[in-house]
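I have placed the structure first, in the form of structure tokens, so that the comments after it can refer back to it.
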Amino acid sequence: MTYMHRSSRIVAACAATSFILTACSPTDESAESTAPESSTSSTASAGSEAPSAGGTLIYASGDAEPTCLDPHVGGNYPQALVSSLYLETLFTQDPTGKTVPYLAESSEVSDDGLTHTITVREGITFHDGTPLTAEAVKANIEHLQDPDTKSSTGYLAVSSVESVEVTDEMTAVLHLSVPDNALEESLSQLWTAIQSPTALERDLETNCGSPVGTGPFQVESWERQQAINVVAYEDYVAADDPDGDAPYLDGITWRFIPEAATRYAALQSGEVDVIDNAQPDTIKAATDSDQFGHLDAPRPGASNRLEFNSSKPPFDDPLVREAFIRAVDVDSGIDSLFFGTAQRSYSLLSSVENLGVSREDLFFHDPDKANELLDEAGWEMGGDGVRVKDGERLEIILPVSTNQSVPAEQSLFEQFQAQAGEVGFDMKIELLDLSSWYGALGEHNYNLVSAPYTKVGPAVLRILFHSDSTKPAPSGYFANHAMVVDDEIDQLLVDAEETSDPAERADLYEKAQNKVLEGYYVLPLYDQQNHFLYRTEVESMGAITPVATPLYTLVHLKK
């Protein structure tokens, strides 16, 4: 059987007025660029006679440079972006969003949900010549669960796995402590990608510098603070097209250009071929021209949102949480700052997640109501315009990672700062580098925070809102920044993950989402932004992984 190569949400570039929530299908004739309907079995983009082999593509990222190229370690989005060049996963998604085997040949779940039997494909080798076998599955899950790996995203993804039993050369049986209907979704993510068991035996620093996978490219060198260089893996065999001749590129140079205007100027001049993290006005300008293509790929998992730290004042009081929500005008901010590249969300989940609950009735602007709520909560207006209660000023801190936030988002938060100030909040925005931002969260030096979290499927809700997630993973990171501790929500999320009935799963997740939303623990904003601009010389851009990172297996340069 042939599967689509991780192209569940292949997104073509859309008109600039409907980028986010109106995703184009792969065959959308109105799209400004056309994504391939399949991956390695596809030969060319529209308008090309045949792929042109050769050449090195230059990519410029605005994200922080990873401290480790192994996405098992930590597990942030920049790691997923770059590791999709050289690592692959056991599972992927088909165009309907269904999770299907990829490096795995097949899988079977026991009636009680406590064992997952995975058979891996034959004929696949890692870049170091090690064959893909069941031992690789065992070694990778143990690597993710090893505290010395300091994994966060991957660690949480396989937390239900108690042990891995190799029953024959190609078959691994995963024994679970509890049923986990999201396990195969979790194993479709790059943070759980399969690496050579031989390479994993190296020390952590060595493996961080040159992970060894089965992907179309392999790491050649890493020039710290300059570039990551990957080259085509000559013996690459695509699991969904073993007779294909991809990749077509000789290699990719992955550069780091933090400043958005500089990054776009490099694209315009032809110095680079693809950029990420484009600003909304840049996206609008680029898509209005005929020089660039645009790939809009909203990330799965959670929406972008502000989370209120409910474990300490003032947001331990739901009246104050609601007051902040009423004080700020999200809609007008998005309209004025994002140039049609983002639409308002009223959900905990991304628009690409079909079990998301949208509650527009809960999130609206009403400053008069905000003042009433703060009065009711006992916060009195002070002479300097800042409310006071029991001698304490209504001060709130929002740490913002300059590596994860585009300037438009920072401007949105500045609008919130001014609007919240009008009802008596003294809101302070702290711009921090990524390391300092993680540190502030770890020390609970925040009252509200915007912390993107990408995961395939609605099980991200358990990671974000179960009380267990108020405690850190081995990496030191914890994901429940709203500090939600609610026995009923906990039970709903556990039951939703353990049921084998899809209808029951949907109902439980709906109830859990409503409890979180109605508690005003978060303020939904919009989908996690994932925009890529590329020169028209770059062809066959469009295929993406389940976590919405572009795939370059079929990409080629027009000659």
Side-chain angles (χ1 to χ4, degrees), residues 1-8 38-41 72 87-145 154 157-200 212-216 233 235-244 456-457 459 500 545-546 553:
M1 179 176 290
T2 299
Y3 298 106
M4 298 296 185
H5 185 73
R6 308 186 190 178
S7 52
S8 62
S38 63
S39 64
T40 50
S41 58
H72 288 191
L87 299 182
E88 296 181 312
T89 51
L90 287 170
F91 295 87
T92 185
Q93 290 183 325
D94 69 13
T96 69
K98 179 182 178 182
T99 301
V100 295
Y102 187 70
L103 289 181
E105 176 72 40
S106 63
S107 67
E108 183 178 344
V109 182
S110 62
D111 290 341
D112 62 7
L114 292 175
T115 60
H116 288 238
T117 302
I118 297 174
T119 302
V120 297
R121 294 184 185 271
E122 297 182 354
I124 306 292
T125 61
F126 294 95
H127 303 149
D128 61 3
T130 303
L132 173 65
T133 66
E135 287 290 350
V137 177
K138 178 179 172 68
N140 275 262
I141 289 179
E142 290 176 350
H143 185 246
L144 285 163
Q145 294 182 334
V158 298
S159 60
S160 61
V161 180
E162 200 165 58
S163 64
V164 181
E165 176 188 6
V166 175
T167 57
D168 63 44
E169 184 181 15
M170 308 304 284
T171 305
V173 179
L174 279 56
H175 297 280
L176 278 56
S177 56
V178 292
D180 181 0
N181 55 35
L183 181 60
E184 291 180 3
E185 292 174 347
S186 296
L187 294 174
S188 72
Q189 303 176 134
L190 285 153
W191 302 288
T192 61
I194 300 301
Q195 301 177 48
S196 163
T198 304
L200 289 179
V212 177
T214 61
Y233 176 41
D235 296 324
Y236 177 66
V237 176
D240 61 354
D241 185 24
D243 297 322
V456 176
S500 59
T545 70
T553 312

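Quick note: residue numbers are just sequence positions, from 1.
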Would you say the side chains of [X] and [Y] form a donor-acceptor pair under 3.5 Å?
X	Y	answer
Tyr102	Gln93	no
Glu165	His175	yes
Gln189	Thr89	no
Glu162	Ser177	no

Checking the side chain of [X] only, and the main-chain atoms of [Y] only, is there a donor and an acceptor separated by less than 3.5 Å?
X	Y	answer
Asn140	His143	no
Thr171	Asp168	no
His72	Ile141	no

Between [atom1] of [X] and [atom2] of [Y], what distance do you get to the nearest 0.5 Å?
X	Y	atom1	atom2	value
Leu187	Ile118	CG	CD1	5.5 Å
Thr115	Leu176	OG1	CG	8.0 Å
Thr133	Met170	OG1	CE	6.5 Å
Leu174	Ser110	CG	OG	11.0 Å
Leu90	Thr119	CG	OG1	11.0 Å
Phe126	Ser196	CZ	OG	5.5 Å

Dump the intermediate steps for side-chain contact (heavy atoms from CB on, under 4.5 Å) on Phe91 and Ser107, then the final yes or no. CA-CA 10 Å; Phe91 295 87; Ser107 67; 3.7 Å; yes
Side chains of [X] and [Y]: closer than 4.5 Å at any heavy-atom pair?
X	Y	result
Thr92	Thr545	no
Val109	Glu184	yes
Thr192	Val158	yes
Thr553	Tyr236	yes
Pro216	Glu88	yes
Thr130	Thr125	no
Pro179	Leu114	yes
Ile194	Leu87	no

Which atom names give the shortest non-hydrogen contact between [X] and [Y], and what distance separates them?
X	Y	value
Leu200	Ala139	CD1-O, 4.0 Å
Val120	Ala134	CG2-N, 4.0 Å
Val164	Lys138	O-NZ, 3.1 Å

For atom CG of Asp111, is the number of surrounding heavy atoms from other residues, nucleotides or ligands below 6.0 Å larger than 12? no
Candidate pair Val137 and Leu103, rule side-chain contact (heavy atoms from CB on, under 4.5 Å), full reasoning: CA-CA 10 Å; Val137 177; Leu103 289 181; over 6 Å; no
Aromatic ring pairing His127/Tyr233, orientation class (parallel under 30°, perpendicular over 60°, tilted between): perpendicular
